[in-house]
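Step one of this worksheet: look at the structure below.
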Amino acid sequence: MKKVMVTGGAGFIGSAVVRQFIEETDVHVVNVDKLTYSGNLESLKSVSECDRYAFERADICDRGAMDAIFERHRPDAIMHLAAESHVDRSISGPAEFISTNIQGTYTLLESARKYADSLGGEQKANFRFHHIATDEVYGSLGDEGFFTEETAYRPNSPYSASKAASDHLVRAWHHTYGLPVVTTNCSNNYGPYHFPEKLIPLMILNATNGKPLPVYGKGDNIRDWLYVEDHARALRLVLEKGKVGETYNIGGNNEKTNLEVVETICAILDELLPEAAPHGRLVSFVKDRPGHDFRYAIDASKICDELGWKPLETFESGIRKTVQWYLENRDWVEHVTSGEYRNWIDRQYGGNP
Ligand code: NAD
Ligand code: TYD
């Protein structure tokens, strides 16, 4: 792979993928991103001056723009991460999820198919469409069991339903048109540059600002946490070595209840900012999310056994790095917490407490 097109490269996971490609390989990257509220080019400051990096501001729903970008850059592969990604937003306003996640993926598939058909020789044989999916498409687990690549799809939220639809489109474009696809379904990510609407960054920022920590329900829902750099490494590995038409589950084997996550963050902050301890006094149990999935847990043995992937961070090491990063990167936080995001927070939580 000499040149990879990454959609959603200004987002949380996409920016980690782009930074890794530029910093750790000699691959050229074309970042295609609409820059919605969650896209932030400041996450790419360390690589944006590199001559192997190019940025195209475009909407994946715009067929003309996608065709033109494929023609202009002629990539060897595409990694598709652009999406609306927040479950709570999908509940209060599903329209953008249907448009970007379903219509956008369809548009990109058609554009990629046209482009792939135009290729010849080795470039055609090696072209890949890598679709980045979520474990939330499998629905909710009880106390036992794990999601495998064979688990039936049972999406419960507008977000997971829209992502499931996109996964099915990708599968169909492979089976019907022969588009060479690989798909990865990953568990919850956390780490630096995570937009502070999701559990972990929201709790870190609220706690450092002395604001309530809104835990949904009793805080006993379970998520399987993966450090974002480990996910990005897994994605690069699947792009390079994954078998066409196959799906790989990616997870960190780090199941925690939400309350455990919040308590861990508070304990680290008590250590780093002892003057404000105990941060745990800020925990506030609030109304549960409608249709809240109880537990997600991934069986990642396929990617580990077949491709040799394993995560480098434990939850303990990754969460400490993450808390420290947010304390040391106040500018990034300041910029993303202004504007549109603030309006949404006000609508969601009724303004500052
Ligand atoms: P994110 O919200 O941080 O980033 C999404 C990016 O997509 C942003 O840069 C945004 O500007 C861009 N985007 C949105 N709509 C677009 C459009 N119409 N055209 C072009 N760009 C657009 O999301 P993330 O957490 O980085 O997730 C990336 C992908 O990984 C998503 O497909 C998500 O479903 C999947 N995923 C996320 C997680 C997680 O825990 N965050 C876990 C598994 C899978
Ligand atoms: P989130 O980060 O939104 O990811 P997802 O819903 O995709 O798993 O939420 C993670 C868990 O944390 C989920 O069970 C909902 C819960 N949660 C809270 O308890 N309070 C919050 O303020 C948020 C954003 C999430």
Side-chain angles (χ1 to χ4, degrees), residues 6-18 31-41 43-44 56-62 65-66 79-91 96-97 99-101 103-105 107-108 131-137 140 156-157 159-160 162-163 166-167 184-191 193-203 206 212-226 228 231-232 235 249-251 256-259 261-262 283-289 291-296 298 336 345 348-349:
V6 177
T7 70
F12 168 49
I13 302 171
S15 70
V17 171
V18 173
N31 173 14
V32 178
D33 199 297
K34 183 182 173 182
L35 298 182
T36 67
Y37 77 96
S38 75
N40 185 350
L41 293 177
S43 308
L44 294 163
E56 295 277 3
R57 185 172 190 197
D59 187 333
I60 57 164
C61 300
D62 181 342
M66 293 305 110
M79 297 173 86
H80 174 36
L81 294 101
E84 286 294 332
S85 66
H86 187 35
V87 173
D88 291 327
R89 279 179 189 259
S90 82
I91 295 168
E96 288 290 314
F97 289 72
S99 154
T100 286
N101 298 359
Q103 190 73 28
T105 300
T107 306
L108 206 56
H131 179 58
I132 284 64
T134 167
D135 63 350
E136 303 193 21
V137 295
S140 182
N156 291 320
S157 70
Y159 163 66
S160 55
S162 69
K163 289 292 292 185
S166 72
D167 297 4
T184 49
N185 294 69
C186 189
S187 62
N188 286 63
N189 283 217
Y190 69 101
Y193 303 102
H194 202 182
F195 191 80
E197 64 185 350
K198 308 278 169 63
L199 178 74
I200 289 182
L202 180 78
M203 294 297 158
N206 278 15
L213 309 179
V215 174
Y216 298 165
K218 294 194 212 120
D220 55 3
N221 299 66
I222 293 168
R223 297 293 182 264
D224 181 359
W225 294 96
L226 180 66
V228 66
H231 185 197
L235 294 178
N249 279 358
I250 309 172
K256 306 279 171 206
T257 68
N258 292 338
L259 196 55
V261 170
V262 175
V283 169
S284 162
F285 292 95
V286 299
K287 193 165 170 281
D288 209 350
R289 170 189 282 171
H292 197 171
D293 284 340
F294 174 61
R295 173 172 167 256
Y296 303 142
I298 283 272
V336 297
I345 284 282
Q348 185 83 351
Y349 296 112

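What you are looking at is a predicted structure, and each value in this text was computed from that prediction instead of being measured. Just so you know, ligand 1 is whichever comes first in the structure, and atom 1 is the first atom listed for that ligand.
Side-chain contact between L235 and M79: present, with at least one pair of heavy atoms (C-beta onward) separated by less than 4.5 Å. Inter-residue side-chain proximity for K198 and S85 is flagged as met; some heavy-atom pair is nearer than 4.5 Å. The shortest side-chain heavy-atom distance between K34 and I60 does not fall under the 4.5 Å cut-off. Put simply, the side chain of N40 does not reach to within 4.5 Å of the side chain of S15, judged on heavy atoms. Between D62 and T107, the closest side-chain pair of non-hydrogen atoms is not below 4.5 Å. No side-chain heavy atom of E197 sits under 4.5 Å from any side-chain heavy atom of D88. Considering only heavy atoms from C-beta on, S157 stays 4.5 Å or farther from D293 through its side chain. Between D220 and L259 there is no side-chain heavy-atom pair separated by less than 4.5 Å.
For atom 14 (O) of ligand 2, the candidate residues are E136, H292, H194; the nearest heavy-atom contact is made by H292. In this comparison of Y216, F285, W225, the heavy atom closest to atom 17 (N) of ligand 2 sits on Y216.
Residue H86 approaches ligand 2 through these ligand atoms, each under 4.0 Å from one of its heavy atoms: 3 (O). Close contacts between ligand 2 and L202 involve ligand atoms 22 (O) [criterion: under 4.0 Å to a heavy atom]. Within ligand 2, the atoms closer than 4.0 Å to a non-hydrogen atom of K198 are 2 (O), numbered from 1 in the order shown. Ligand-side atoms of ligand 2 in range of V215: 19 (O), range being under 4.0 angstrom from any heavy atom. Those atoms of ligand 2 with a heavy atom of P214 less than 4.0 angstrom away are 18 (C), 19 (O), 20 (N), 21 (C), 22 (O). Counting the atoms of ligand 2 from 1 in the order shown, those under 4.0 Å from a heavy atom of E197 are 24 (C). Atoms of ligand 2 lying under 4.0 Å from any heavy atom of V87, numbered from 1 in the order shown and given with element: 6 (O), 7 (O).
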- Item | Audit row: Y296, N188, side-chain contact (heavy atoms from CB on, under 4.5 Å) steps and yes/no | CA-CA 9 Å; Y296 303 142; N188 286 63; 3.7 Å; yes
- Message: Show, in sequence, the C-alpha distance, side-chain angles and deciding distance for I91 and R289, and conclude whether the side-chain contact (heavy atoms from CB on, under 4.5 Å) test is met.
- Response: CA-CA 9 Å; I91 295 168; R289 170 189 282 171; 3.7 Å; yes
- Message: I'd like to know whether H131 forms a side-chain contact (heavy atoms from CB on, under 4.5 Å) with T105, so could you lay out the CA-CA distance, the side-chain angles of the two residues, the decisive distance to 0.1 Å, and finally the verdict.
- Response: CA-CA 9 Å; H131 179 58; T105 300; 4.3 Å; yes
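With a 4.0 Å heavy-atom cut-off, ligand 2 is reached by no atom of V286. Residue contacts with ligand 2, taken as heavy atom pairs separated by less than 4.0 Å, involve L199 via backbone and side-chain atoms alike. Counting heavy atoms closer than 4.0 Å to ligand 2, residue D293 contributes nothing at all.
The shortest N or O to N or O distance between N188 and ligand 2 is below 3.5 Å. On a distance-only criterion, R289 and ligand 2 share at least one N/O pair closer than 3.5 Å.
R223 and Y190 share no donor-acceptor pair across their side chains, judged by distance under 3.5 Å alone. In this model, no donor atom of one side chain and acceptor atom of the other lie less than 3.5 Å apart for Y159 and E84.
The contact shell of ligand 1, taken as protein residues with any non-hydrogen atom closer than 4.0 angstrom, comprises G8, A10, G11, F12, I13, D33, K34, L35, T36, S38, G39, A58, D59, I60, L81, A82, A83, S85, T100, I132, A133, T134, Y159, K163, C186, S187, N188, N189.
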